[in-house]
Amino acid sequence: MSKKIKHLFVVFALVVVVALSAALSACTIKTKHPRAAITIEFNNVTYKIEYTLYRNMYPQTVQHFIELADAGFYNDMIVHNYTGTEWYTGGYSYEDADEHFAYATAFANGDMTDYLDEYSKEESYYDLASAGTLSPSVYKQFTYDGKGNQIVKSEDALATLIGEFSDNDHIIKNGALTADYGVLKMYYYSKGEGSQKATIKNSFGQILEHDYKYNAATSIFTIQTSTSSGNSVNSYATFARLRNDSQKDKLDALLEAIADYVDEFTTAGGTFSKSVNTTVDKFDTFAEDEGRNISTSFNMTSMPIIIRSVKITKY
């Protein structure tokens, strides 16, 4: 083999190695702004809406969302609480035709409590947390090492998520997300009194004692469907927004399709949405009885709004 050919071969080999290294790095590098695509189905039509996630400002919330999405946890969920300003999802599954029959029957009978109990994803969420799939950020307590430094132990980790918002002392000096149309918020149901404390480990590695109620999110997130919201950005982590105007157009189209369906459905004498009183069994390893029942109500729809998939398209 001539020196020239050998040289070209070596150069080619180096190019291949560099390209492979770059490709592998692309899979592992954590960018400031990952991306996600949420596919929503309504009345047998799907809408794929793309989001920018703000890891640079809400790192633990975004990581939590990515881990759940990568585990397939968010696939085939219903919007279980439909309001004029936000849709709540991430808590109850919806998969096939049999389930559609069960959902429609429960809605028609006016009692969806049994349906919600059967299709709750709460236990599946805790299984993921127990298996180490989710990065811990909230703990029962802190202790000290031999040098007097505060530390947290893995056995004290809770399955809930740190609240990255100003009421929980998560301060962003510039560019914090506002309550814009289409944003995603990580949501928590009330767990205990404000005086109950837990230990958090924030993205800076600081170990702090904070109100547990602000660090009690699990898998529930909301999609804001108006320019204002009942869930203040001061009290809920707003971690993603629509990527561009074309994604806004897609969300507009979905909302218009729902509005048209509602007009037709209600004109024919149907009820599109109704309030359902229910008790949510919340696994809660921080509570003394390791569980709490929370009385709440959801506004559910006769034609389900289905989150068919949540996929991370850029890490």
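The shown structure was predicted, so the numbers you read here are calculated from the model rather than taken from an experiment.
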Ring centres under 6.0 Å, that's the criterion: do Tyr214 and Phe165 meet it?
yes
Enter the distance from Ile305:CD1 to Ile40:CD1 here, rounded to the nearest 0.5 Å.
8.0 Å
Once the angle between the rings of Tyr189 and His80 is folded into 0 to 90°, is it parallel (under 30°), tilted (30 to 60°) or perpendicular (over 60°)?
tilted
Check whether Asn81 reaches the backbone of Tyr88 with its side chain - one donor and one acceptor, N or O, closer than 3.5 Å.
no
Nearest 0.5 angstrom please: Glu256 CD to Asp249 CG, how far?
9.0 Å
To the nearest 0.5 Å, what is the distance between NZ (Lys311) and NZ (Lys48)?
9.0 Å
Members besides Phe142 in its Ile/Leu/Val/Met/Phe/Trp/Tyr cluster (side-chain heavy atoms under 4.5 Å):
Tyr139, Tyr144, Val152, Ile207
With distance as the sole test, does Glu41 use its side chain to make a donor-acceptor pair with the main-chain N or O of Ile306 at under 3.5 Å?
no
From Phe73 atom CZ to Leu134 atom CG, the distance as rounded to the nearest 0.5 Å
9.0 Å
Take a 6.0 Å sphere around NZ of Lys201 and say whether it holds more than 12 heavy atoms from other residues, nucleotides or ligands.
no
Ring centres under 6.0 Å, that's the criterion: do Tyr261 and Phe42 meet it?
yes
Evaluate Ile307 against Asp76 for side chain to side chain contact (heavy atoms under 4.5 Å, CB included), listing each step before the verdict.
CA-CA 5 Å; Ile307 309 298; Asp76 299 318; over 6 Å; no
I'd like to know if the side chain of Gln224 reaches the main chain of Ala179, judged simply by a donor and an acceptor atom lying under 3.5 Å from each other, with no hydrogens or angles considered.
yes
For a quick check under 3.5 Å, do Ser135 and Glu67 share a side-chain donor-acceptor pair by atom type?
yes
One should read off an interatomic distance between Leu255 CG and Lys250 NZ, to the nearest 0.5 angstrom, of 14.5 Å
Apply side chain to side chain donor-acceptor pair (under 3.5 Å) to Asp70 and Tyr315, showing your working.
CA-CA 11 Å; Asp70 282 347; Tyr315 291 87; 2.7 Å; yes
Check the pair Lys197, Glu209 against salt bridge (Lys or Arg N to Asp or Glu O under 4.0 Å), reporting the backbone distance first and the verdict last.
CA-CA 6 Å; Lys197 302 292 183 180; Glu209 190 178 63; over 6 Å; no
Without hydrogens or angle criteria, can the side chains of Tyr47 and Asp252 be said to hold a donor-acceptor pair below 3.5 Å?
no
Could you measure the distance from the CG atom of Leu177 to the CD1 atom of Ile172? Nearest 0.5 Å is fine.
7.0 Å
Test ring-ring contact (aromatic ring centres under 6.0 Å, His included) applied to Tyr187 and Tyr236, Trp87, Phe221, the passing residue:
Tyr236
Indicate yes or no for a side-chain donor-acceptor contact from Asp145 to the backbone of Gly148 under 3.5 Å, with no hydrogens or angles considered.
yes
Is there a side chain to side chain contact (heavy atoms under 4.5 Å, CB included) between Thr222 and Asn231 once you walk through the steps?
CA-CA 9 Å; Thr222 73; Asn231 294 332; 4.2 Å; yes
For residues 162-171, pull every pair meeting side-chain hydrogen bond (donor to acceptor under 3.5 Å, both in side chains), keeping only residues two or more places apart or in separate chains.
Thr61-Glu164, Ser166-Asn234, Asp167-Ser235, Asn168-His210, Asn168-Asn215, Asp169-His210
Taking the basic N atoms (NZ, or NE/NH1/NH2) and the acidic carboxylate oxygens, is any pair closer than 4.0 Å for Glu86 and Lys185?
yes
Indicate, with yes or no, if the rings of Phe65 and Tyr74 have centres closer together than 6.0 Å.
yes
Please confirm whether the ring centroid of Tyr103 lies under 6.0 Å from the ring centroid of Tyr115.
yes
Would you list the atom pairs, donor with acceptor, under 3.5 Å between side chains in residues 264-277 and any protein atom, with sequence neighbours excluded?
{"from": "Thr266", "atom 1": "OG1", "to": "Val262", "atom 2": "O", "distance (Å)": "2.7"}
{"from": "Thr266", "atom 1": "OG1", "to": "Asp263", "atom 2": "O", "distance (Å)": "3.3"}
{"from": "Thr267", "atom 1": "OG1", "to": "Asp263", "atom 2": "O", "distance (Å)": "2.5"}
{"from": "Lys274", "atom 1": "NZ", "to": "Phe107", "atom 2": "O", "distance (Å)": "2.7"}

